[in-house]
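None of the values given here were measured: they were computed from a predicted structure. Both counts, for ligands and for their atoms, begin at 1 and track the order of listing.
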Amino acid sequence: MAKIIVLCGCTLSSASNLFIFLDCVPVPVTLSAPPIRPAWHGLIHAYGDFLPVSDRTPVVTLYEGNTPLIPVPQIAARIGRNVSVYVKYDGLNPTGSFKDRGMTMAISKAKEAGAEAVICASTGNTSAAAAAYARRAGLRAYVLVPEGYVAQGKLAQALLYGAEVIAIEGNFDKALEIVRLMAETYPVTLVNSVNPYRLEGQKTAAFEVVDSLGNAPDWLCIPMGNAGNITAYWMGFCQYREQNRCDRLPRMMGFQAAGSAPLVKGEIVTHPETIATAIRIGNPANWQRAIAVKEASQGAFNAVTDEEILKAYCLLASEEGIFCEPASAASVAGLLKLADQVPSGATVVCVLTGNGLKDPETALKQESDRFHRHIEPTEQTVAKVMGF
Ligand SMILES: *Cc1c(COP(=O)(O)O)cnc(C)c1O
């Protein structure tokens, strides 16, 4: 209520605090301008109070985070029973994956500590994020990738951002082994998800989910590779719960590709194989943490086949208009697989970890019967192809 004393001496109260005067009679006016939202300057800026940063931390940011939580009604309809399903589309981060959330923290802290170079092993997205943030900070970036198993978009990014890309004749697990040793021996900071600042940054995705929904979801479905992200989400939900920003915690539902499912099988997979190269990992770095998250949240780990992953991947694109990379679709494939177990009326969030543009090759291999080629350039022929 605004209380305004007008010059003629009378007092008036009104919910409006803007008045125009018509013949000395004050008339309240309501303005319908949209509320002013503060500009988004990245997740350290937004959630700094929840992060291990100080005034001395040089914030290296590309304004990552603040990604949309999008309802997916066609997926929800497949489950029915009033279940609401959303996707956290983290493929809309600056380099196209959730890895940016961890990297803004890891690189800012590396720079604060005086590092001059960073190193990581990567199935692709970590290398793109590390390269972008490191170069922005003026640090050198070295990335080890498994030769022949990195989606093209990711490799293109790492190269163009200016990293030294070292493709080894071995898989991710071998690459991680090597970079761990390099970081012990040489003056390079390791920025894989064994770096605690990575998880600190990544936990902000859980904050955003709660900020959007007004509470934690009942289920959080997420693909697992090294299992850093599932660990980070859980940290975020728990921290928000402690601060009373939500009044419950989700069940953490982790999914791995069937050919690369050590956390489901409970044993190391020596030769992991899957079309979802981002989660082609046989010996997850955050193994024990992931098990602890599963137990604490009464969650579950399940495997989905490449076929199920590709089906969910195509479904998301063709029915929801959302293009994610295959590894990301494992979360939705998993949800659909466990459809019968979802409680009626539940709210489910599936994390879409990376952008579909990362991996055009896999996209182009799908559903090629809608790609009409070698068509004679005439109106008649085009109309015929269109079915008229
Ligand atoms: C890194 C990555 C994952 C796996 O995340 P972890 O933290 O290793 O479990 C899943 N999807 C995409 C697209 C990724 O880049």
**Study point:** Pair Arg248 + Asp218, salt bridge at N-O below 4.0 Å
**Key:** yes

Review point. To the nearest 0.1 Å, how far is atom 11 (N) of ligand 1 from its closest protein heavy atom, and which atom is that?
Key: Thr353 OG1, 2.7 Å

Check your understanding: Should you measure from each heavy atom of Gly228, which atoms of ligand 1 turn up under 4.0 Å away?
Key -> 6 (P), 7 (O), 9 (O)

Exercise for review: Output the list of atoms in ligand 1 that are nearer than 4.0 Å to some heavy atom of Met224, sorted by atom number.
Suggested key: 9 (O)

Check your understanding: So is there a nitrogen or oxygen of Ser97 less than 3.5 Å from a nitrogen or oxygen in ligand 1?
Key -> no

Practice item. Return a yes/no value for Lys99: is any of its N or O atoms, backbone included, closer than 3.5 angstrom to an N or O of ligand 1? Key: yes

Review point. Identify the closest protein heavy atom to atom 8 (O) of ligand 1: which residue and atom is it, and at what distance?
Key: Asn226 N, 2.7 Å

Exercise for review: Using a 4.0 Å heavy-atom cut-off, say whether Asn229 meets ligand 1 through its side chain, its backbone, both or neither.
Suggested key: both

Check your understanding: With a 4.0 Å heavy-atom cut-off (strictly under), which part of Lys358 contacts ligand 1: side chain, backbone, both or neither?
Key -> neither

Practice item. Apply ring-ring contact (aromatic ring centres under 6.0 Å, His included) to Phe172 and Tyr149, showing your working. Key: CA-CA 9 Å; Phe172 171 87; Tyr149 289 92; over 10 Å; no

Review point. Purely on distance, is any nitrogen or oxygen of Gly225 under 3.5 Å from one on ligand 1?
Key: yes

**Study point:** Test of proximity, Gln202 against ligand 1: N or O pairs below 3.5 Å
**Key:** no

Check your understanding: For ligand 1, which atoms have a heavy atom of Ala278 less than 4.0 angstrom away?
Key -> 12 (C), 13 (C), 14 (C), 15 (O)

Revision key, fill the gap. Numbered in order shown, the ligand 1 atoms found under 4.0 Å of a heavy atom of Phe98 are 1 (C), 2 (C), 3 (C), 5 (O), 7 (O), 14 (C)

Review point. Say you draw a straight line from NZ of Lys203 to CH2 of Trp234; how long is it, rounded to the nearest 0.5 Å?
Key: 14.5 Å

Check your understanding: Measuring from Thr231:OG1 to Asn286:CG, what's the distance to the nearest 0.5 Å?
Key -> 5.0 Å

Point to revise | Proximal ligand 1 atoms for Glu325, defined as those under 4.0 Å from one of its heavy atoms | key: 13 (C)

Exercise for review: Would you give the length of the straight line joining atom OG1 of Thr277 to atom CD of Glu325, rounded to the nearest 0.5 angstrom?
Suggested key: 6.5 Å

Check your understanding: Looking only at non-hydrogen atoms, which of Ile279, Ile222, Leu263, Asp90 approaches atom 10 (C) of ligand 1 most closely?
Key -> Ile279

Exercise for review: Would you mind telling me if ligand 1 is within reach of the side chain of Ala227, the backbone, both or neither, using heavy atoms under 4.0 Å?
Suggested key: backbone

Check your understanding: Are any of the side-chain nitrogens in Glu164 or Arg140 under 4.0 Å away from the carboxylate oxygens of its partner?
Key -> no

Point to revise | Spatial distance of atom CG (Asp247) from atom CZ (Arg241) [nearest 0.5 Å] | key: 6.5 Å

Review point. Nearest 0.5 Å, what's the CG-NZ distance between Asn125 and Lys99?
Key: 5.5 Å

Review point. For Thr126 and ligand 1, does the shortest N/O to N/O distance drop below 3.5 Å?
Key: no

Review point. Is Arg180 paired with Glu177 through a side-chain N to carboxylate O contact shorter than 4.0 Å?
Key: no

Review point. With a 4.0 Å cut-off, would you call Glu308 and Lys311 a salt bridge?
Key: no

